[in-house]
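Just so it is clear, the model here is predicted, and its values are computed rather than measured. Per chain, numbering begins at 1; letters A, B, ... match sequence-line order.
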Amino acid sequence: MDRLKSDFSTVGIVLMGVGIVINIAMGRIVTTLSLPLYLDSIGTIFVGAVAGPWVGALAGIISNLIAAFFGNPANFLPYIPVAAIIGFMAGLFSRYGWFKLWWKFILAGVITGVVAALISAPITAYVNSGVVGTGMDALTAAFRGMGMSTLQANFLQGLSTDPLDKSISYLLVYSIIQALPNRYLDRFPRAEYVR
Amino acid sequence: MTVNYGLYVPKQSGIHSLHPLTKLAYLGFCLAVSWVIPGTWTPYLVFLLGIVPLSALGQVLPNILSGAFKAVLPFAISLFVVQGFFWPEGTVLQQIGPFSLKEEGLFFAIRGAGRILMAVSTFLLLSYTTRPDELTLALGQLGVPNSIAYVILSTLQIIPRFQTKATTILDAQRSRGLETEGSLRVRARALLPLVLPLLLSSIVDIEERAIALEVRAFGRQGPKTSLLVLHDTPWQRLLRWLLLLAALGVIVWRIYAALAPRFLS
Amino acid sequence: MIHLRDVTYFYPRATVPALAGLSLDVPAGQFCAVIGANGAGKSTLCYTLAGFVPHFYRGKLTGQVEVAGVDVPAASLAAIAGQVGLVFANPFNQITGARFTVREEIAFGLENLGVPLDEMRARIDDILSFAKLTELAERSPFALSGGQQQRLAIASVLVMRPPLVVLDEPTSQLDPIGSKEVFAVLRDLAATDEATVVLAEQKLEWVAVFADRVIVLHEGRIVADGPPGDVLASGDLTQYGLQPTRYTQAARAALAAGLRRDSAELPVTLEEAVEYFK
């Protein structure tokens with residue numbers, strides 16, 4: 001209970017806000033550079049890493065609410081559970097000491113990506129009738145053409161992008177943590193797990 | 001720059017002055033009906049009867065129509081292709097080369113697009129007619145903590161500023177010869193020098209922003225007051241409860257209708 | 001109002017203390033300026049008075065810190081919040097972002113304190129005119145200039161009516177026009193005698209105009225303490241990494257060149273210099 005209270009300290013709250021800003025701004029920059037990635041959970045992962053699973057999960061939830069506001073609600077609102085899981089998992093990886101070695105970051109990214117694909121698939125299939133409204137849908141169409149169900153096609157489509165996207169996101173979080181002086185890292189509720 | 005309330009369209013209208021929770025309850029009811037009641041055209045009917053008149057009353061109909069069109073179009077195209085042409089089996093309506101448009105798939109796509117239309121248009125109607133701070137204040141009345149309201153409102157205001165900063169850095173990097181166009185590898189390599197300084201500076205700012213909040217008694221427990229006052233009426237409160245009950249009723253009825261044949265037979 | 005006794009403080013991981021056995025008493029109503037080179041401990045002293053040392057920065061604090069009747073090391077930040085107002089250098093980071101207009105931004109602290117609506121409105125109107133922000137009240141805080149934002153930060157703190165106001169180099173990130181606007185507000189604040197003020201500042205010319213008392217910090221210790229006329233004209237200033245005001249410098253140059261012979265007090269402000277060179 002005390003742990004939770006310190007996670008949600010004023011610093012934790014401000015950190016959550018900054019994480020959300022990073023998510024949404026990164027999503028936009030990636031679009032500007034037209035990279036085939038999302039990178040829109042970097043902030044959530046960072047928040048989870050330095051403030052624990054609960055702050056991370058909440059950062060993901062609010063992030064998708066606000067992204068809906070700035071972009072397309074259909075792309076973000078249904079995926080709130082995915083964003084929450086990504087933040088929660090980052091907090092767990094951090095808790096178990098994965099955020100001290102670079103290759104563990106990549107591994108954590110791959111695992112996160114697989115989990116994200118698993119949870120996204122039924123949302124895409126049942127809430128958005130099997131499409132995500134981008135070029136990625138060509139892949140879903142191809143899988144459907146091979147006789148797969150919408151759910152299977154959506155899962156494979158997610159699997160083709162999410163693990164790569166999340167491991168690159170985790171690597172970016174790694175470079176942020178490396179570049180941040182201890183003096184600033186020290187402020188965060190769970191700094192001891194990433195130093 | 002004047003005050004920027006995000007998507008909010010400042011107008012004097014009855015819809016604008018409704019209590020945010022009343023709007024939320026109404027839109028939730030519309031969404032429940034459109035998603036739960038079967039029928040290919042149900043979402044469109046709810047859109048026409050439930051969303052369009054209110055948008056007109058709120059003087060945001062053009063905004064709703066163009067906003068919803070822009071948001072739904074890519075989904076509609078994808079649905080038409082993925083479900084219309086790649087529906088595994090069914091009545092073939094049209095053969096185009098090796099692909100065939102199937103009736104079942106087409107109807108599924110139409111209904112799917114309608115559901116997305118409803119999700120998008122309810123969200124937009126709320127956003128166009130409600131100031132974000134009114135919404136968070138109303139959510140506070142439901143017991144959502146103050147800190148959540150802070151996170152939502154401050155990020156809404158900081159994101160546009162952050163974007164301006166990103167554009168500035170992007171231009172600076174370009175003028176120093178950093179390639180931001182060209183092959184995928186070139187663009188990917190442009191990413192790190194662009195974003196790292198930006199991310200670090202915003203993380204470094206956290207400390208001072210937290211201090212500024214503490215100085216303003218943000219961490220204080222106990223009753224808080226508000227300069228912003230929400231207008232509420234007894235009939236709105238009654239309406240909210242009725243809408244909530246009606247939405248629940250529709251959902252329960254649908255579940256019952258789906259499960260009853262299995263248990264009764 | 002302020003009672004510090006043998007205060008020593010180490011930031012986490014630090015081996016050199018930021019404050020080294022510092023003792024200070026400031027009576028209510030005094031306008032006290034703290035000067036010193038970068039790294040002398042000005043900011044740390046400000047953060048200690050507002051409770052962020054040790055509650056926010058952690059580290060190791062020894063000695064007695066009592067501010068506005070609050071035992072700072074024993075109290076929580078939330079309890080100190082209404083008692084001590086803190087303004088710091090970066091105006092942008094002091095805008096909460098949680099409110100959309102200048103008026104609402106000022107209200108934020110009062111809302112958190114639970115001040116009733118009518119009183120809140122009256123207090124906000126007062127402080128808007130005090131900080132000369134009335135015309136900007138319905139604007140977005142993000143649309144203001146740096147000087148305006150800093151006046152907003154000061155107004156947002158003053159409106160909470162804390163018995164002690166602490167300002168940590170409030171003009172160091174502002175352009176000359178913005179600095180002038182902020183100093184005009186501080187001069188009015190000094191004239192009211194309502195609040196006790198501690199101002200950490202590098203711009204000695206301004207300090208000389210409205211401080212009741214000047215304290216020189218060096219390596220976490222108080223090395224000089226007295227009325228501005230005495231402290232700022234003292235020859236020791238340079239050895240603490242500080243530059244005397246240009247009026248004192250001019251007078252000293254005149255003295256060295258033999259243009260002035262009298263051993264009268266050296267001037268520290270423009271008015272005194274005019275008098276001196278008459």
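- Distance check, rounded to the nearest 0.5 Å: CD of B:E214 to CZ of C:F52 gives 5.5 Å.
- Residue with the most contacts toward chain B among C:S76, C:A81, C:G114: C:G114 (heavy-atom pairs, distance under 4.5 Å).
- In this structure, CD1 on C:I80 lies 14.5 Å from CZ on B:R220, to the nearest 0.5 angstrom.
- Rounding to the nearest 0.5 Å gives a distance of 7.5 Å between CG of B:D205 and CZ of C:F92.
- A donor-acceptor pair under 3.5 Å is absent between the side-chain atoms of B:Q157 and the main chain of C:T96, judged by distance alone.
- Heavy-atom pairs under 4.5 Å with chain C peak, among B:G219, B:G222, B:S154, B:P132, at B:S154.
- Annotation for C:I177: atom CD1 does not count as buried by contact number, only 12 or fewer foreign heavy atoms lying within 6.0 Å.
- Distance check, rounded to the nearest 0.5 Å: CG of C:N112 to CG of B:N146 gives 6.0 Å.
- The CG atom of C:D168 lies 9.5 Å from the CD1 atom of B:I211; values are rounded to the nearest 0.5 Å.
- C:E119 does not touch chain B: none of its heavy atoms, backbone or side chain, sits under 4.5 Å away.
- For a residue to count as touching a neighbouring chain, one of its non-hydrogen atoms must lie under 4.5 Å from one of that chain's; by this rule C:F108 touches chain B with backbone and side chain alike.
- Looking at C:I106, the atoms closer than 4.5 Å to chain B (heavy atoms on both sides) all sit in the backbone: N, CA, C or O.
- The backbone N or O of C:P116 sits nowhere less than 3.5 Å from a side-chain atom of B:T225 that would complete a donor-acceptor pair.
- Aromatic ring orientation, C:F100 versus B:Y5: tilted (interplanar angle from 30° to 60°).
- Top candidate by heavy-atom pairs under 4.5 Å with chain B, chosen from C:E138, C:Q94, C:R103, C:E105, is C:E105.
- Heavy-atom distances place the side chain of B:V229, and not its backbone, under 4.5 Å from chain C.
- C:I124 CD1 to B:L227 CG: the interatomic distance, rounded to the nearest 0.5 Å, is 5.0 Å.
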Evaluation steps, side chain to side chain contact (heavy atoms under 4.5 Å, CB included), between C:R99 and B:L153
CA-CA 7 Å; C:R99 293 294 179 268; B:L153 297 176; 3.9 Å; yes
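- Shortest non-hydrogen contact noted between C:E104 and B:R131 is OE2-NH2, 3.1 Å.
- Counting only heavy atoms from C-beta outward, the side chains of B:E207 and C:Y57 approach each other to under 4.5 Å.
- More than 12 heavy atoms of other shown residues, nucleotides or ligands fall within 6.0 angstrom of atom NZ in B:K11.
- Residue with the most contacts toward chain B among C:L110, C:L77, C:L113, C:I95: C:L113 (heavy-atom pairs, distance under 4.5 Å).
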